[in-house]
Amino acid sequence: MIVIKGIAASPGISIGKAYVVEDDDIVVERVEVPRDKVREEVTRFKSAQKATLRDLDAAEQKVLKVLGKQHAKLIDAHRMILKDSLITSDVPKRIVAEGVNAEFALSEALEAVNRQFEKMDDEFFRERRHDLFDVGKRLLLHLMKRQKRSLAEIDHECILISRNLLPSDTMGLKETKIIGFATDLGGKTSHTAILAQSLEIPAVVGLSDVSRRIKTGDMVILDGEQGMVIIAPGPETIAKYEKVQQRSVAEEKSLEALKGLPTVTLDGRGFRLEANLDSPEELKNVSALQPDGIGLFRTEYLFLNRTDAPGEEEQSKAYASVVKAMDGREVVIRTADIGGDRLSQLGIEGPKNETNPFMGLRGVRLFLRHLDLFKTQLRAILRASTKGKVRVMIPMVSSVGEVLAARRLLEQAQAELAAEGVELKEEIELGIMVEIPSAAIQIDSFLPHVDFLSIGTNDLIQYVLAVDRINEHVTHLYDPYHPAVVRLLDHVVRTAHGKGKWVGVCGEMTSDPRAVPLLVGLGVDAMSVSPRMFLRVKQAVRGLRYEAMKKIVAKAVTCAESDEIRRLLEQNP
Ligand code: PEP
Ligand code: MG
């Protein structure tokens with residue numbers, strides 16, 4: 001039995017026979033093209049480009065059907081690459097200047113860009129290289145008149161093992177018999193990983209040489225939770241993993257019974273349990289969970305993977321679809337938190353080449369530099385608010401002046417819409433994310449200016465502890481149970497309640513059933529949870545006693561070390 005550790009890209013466990021796919025071994029040869037034939041060569045290249053565009057159109061239809069609009073944007077990104085001057089002008093220039101065949105000119109151009117990508121520190125951008133090669137490979141196959149390898153031809157259930165898996169391959173996986181995949185290359189934020197999560201296919205990536213160590217037909221276990229591949233497991237290990245698989249299926253089933261039940265502790269303290277929403281495509285799944293509302297609607301998806309900002313109409317339609325679907329239940333729409341690791345290509349001044357993007361022009365800071373973008377989004381939110389119950393939330397607030405500026409802009413947007421004859425129902429509530437330590441420490445100064453608070457623990461923890469939330473070298477220091485974090489949370493909740501203000505929590509901490517006793521004991525009003533963990537969190541709350549948790553938190557805020565806090569929470573009387 002051999003265990004190889006990689007990166008957990010998509011959760012779940014698969015047990016089965018491996019199917020190793022070789023890379024489409026494309027060998028590109030340099031062929032001299034006589035002067036009088038270079039024009040023909042350029043035309044041949046342009047025909048391949050058109051054929052690739054047709055491929056992308058067909059792929060788009062497939063993605064729209066299987067995965068929805070959000071993922072179809074990946075095809076747009078591929079179209080952009082195909083239309084980039086790197087392809088449209090650099091390759092023909094190389095053909096003409098060097099007198100070489102189109103295949104060679106293209107592979108040289110791709111290699112030049114690859115070298116640029118490799119120099120980038122940002123993992124997100126390094127990963128985009130795979131999109132470039134995906135498009136490049138489609139083009140090469142057209143030039144060579146070869147068919148792209150089709151995974152749909154695999155006619156038996158198996159776990160796919162390969163050096164790399166391109167996003168275009170991943171998209172089709174749901175229609176195949178593949179029950180999981182493992183690759184040598186790849187990172188957690190690659191499109192391949194993101195697609196695998198949406199398709200709910202377990203995946204482990206970044207395994208360095210797994211494709212050489214496994215042969216087709218080998219028995220393997222793919223553990224997408226731990227990021228491990230086990231080759232030739234013994235009968236005991238298989239039995240153990242089968243039990244884990246069965247348990248999680250049974251658990252999922254029993255959780256179904258909790259839908260629609262109140263989120264209330266054993267001693268009767270109720271909590272609002274809401275869902276986080278990252279795009280309207282998730283709405284169907286989220287609605288089925290019957291949450292009390294959407295506690296965090298992240299709107300960044302509208303601004304990413306495009307070069308023009310979304311207009312008021314497009315935005316208000318998107319928000320209205322969510323508000324309507326929630327049918328009178330509250331939707332907290334957060335204005336876009338662009339910056340940090342969510343880099344836009346909108347061409348606006350700011351979040352490019354920052355040395356320290358998480359400390360840079362992000363969230364409300366960026367929008368206060370681009371008031372047109374900010375106002376457009378506020379107007380769109382206000383228009384959608386006529387369809388149900390909406391609150392506005394501002395991210396990355398670090399000083400009271402930012403809230404006052406946001407409020408002024410909101411009032412301006414309201415006045416403009418009223419002058420245009422748009423009837424707005426009532427005053428819309430304005431709240432802030434508490435995710436920067438300055439706001440948390442000085443929360444009393446913010447309270448007179450806001451209607452509600454939502455604690456963003458993802459960022460609050462990284463800023464309180466000075467631990468970059470996406471840096472794998474310091475993940476062991478990213479600690480939600482650190483006494484400084486726990487004390488700060490307690491301070492925010494107590495101060496806000498003292499002034500009669502409502503406090504929610506919407507960071508990933510709400511989605512960890514082990515942290516739920518702490519949030520219950522702190523007495524927060526609402527928890528907004530990632531949809532996958534929603535019912536598990538409800539189950540956790542329903543098994544706790546509020547009064548007992550309050551006592552535990554009273555002890556936790558006196559602890560010096562996070563291990564003591566963990567132990568206290570595990571006691572869970
Ligand atoms: C947070 O910081 O906790 C949060 C919910 O916001 P995001 O993860 O979008 O930064
Ligand atoms: Mg945040």
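Whatever order the structure lists them in is the order used to number ligands and atoms, beginning at 1.
- Taking 4.0 Å as the cut-off between side-chain N and carboxylate O, Asp479 and Arg566 count as a salt-bridged pair.
- The N/O atoms of Glu508, backbone and side chain alike, include none that comes under 3.5 Å of an N/O atom in ligand 1.
- In terms of protein heavy-atom proximity, atom 6 (O) of ligand 1 is nearest to Arg334 NH1, 3.0 Å.
- Checked for salt-bridge contact, Asp278 and Arg298 meet the test: a charged N lies under 4.0 Å from a carboxylate O.
- Note on residues 509-523: pairs passing side chain to side chain donor-acceptor pair (under 3.5 Å), not counting sequence neighbours, are Asp512-Arg514.
- In this structure, Glu256 pairs ionically with Lys259, as a charged nitrogen and a carboxylate oxygen lie closer than 4.0 Å.
- Protein heavy atom in closest approach to atom 7 (P) of ligand 1: Arg298 NH2, 3.5 Å.
- Against a heavy-atom cut-off of under 4.0 Å, Leu296 is close to the following atoms of ligand 1: 5 (C).
- The Mg ion (ligand 2) has Glu435 among its coordinating residues (N/O/S atom, backbone or side chain, under 2.8 Å).
- Proximity of Arg362 to ligand 1, defined as any heavy-atom pair under 4.0 Å, is confined to the side chain (atoms from C-beta onward).
- Ligand 1 is never approached by Glu300 to a heavy-atom distance shorter than 4.0 Å.
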**OP:** Decide yes or no on side chain to side chain contact (heavy atoms under 4.5 Å, CB included) for Glu300 and Asp337, but give the supporting numbers first.
**Re:** CA-CA 6 Å; Glu300 295 78 36; Asp337 180 3; 3.3 Å; yes
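- Remark: distances from the non-hydrogen atoms of Met393 to ligand 1 are all 4.0 Å or more.
- Contact annotation for Asn276 and ligand 1: no heavy atom of the residue comes within less than 4.0 Å of the ligand.
- Across every non-hydrogen atom of Leu378 and Ala413, the tightest pair is CB-CB, 4.4 Å.
- Every ring pair (Phe, Tyr, Trp, His ring centres under 6.0 Å) that Phe452 has, sequence neighbours left out, goes to Trp502.
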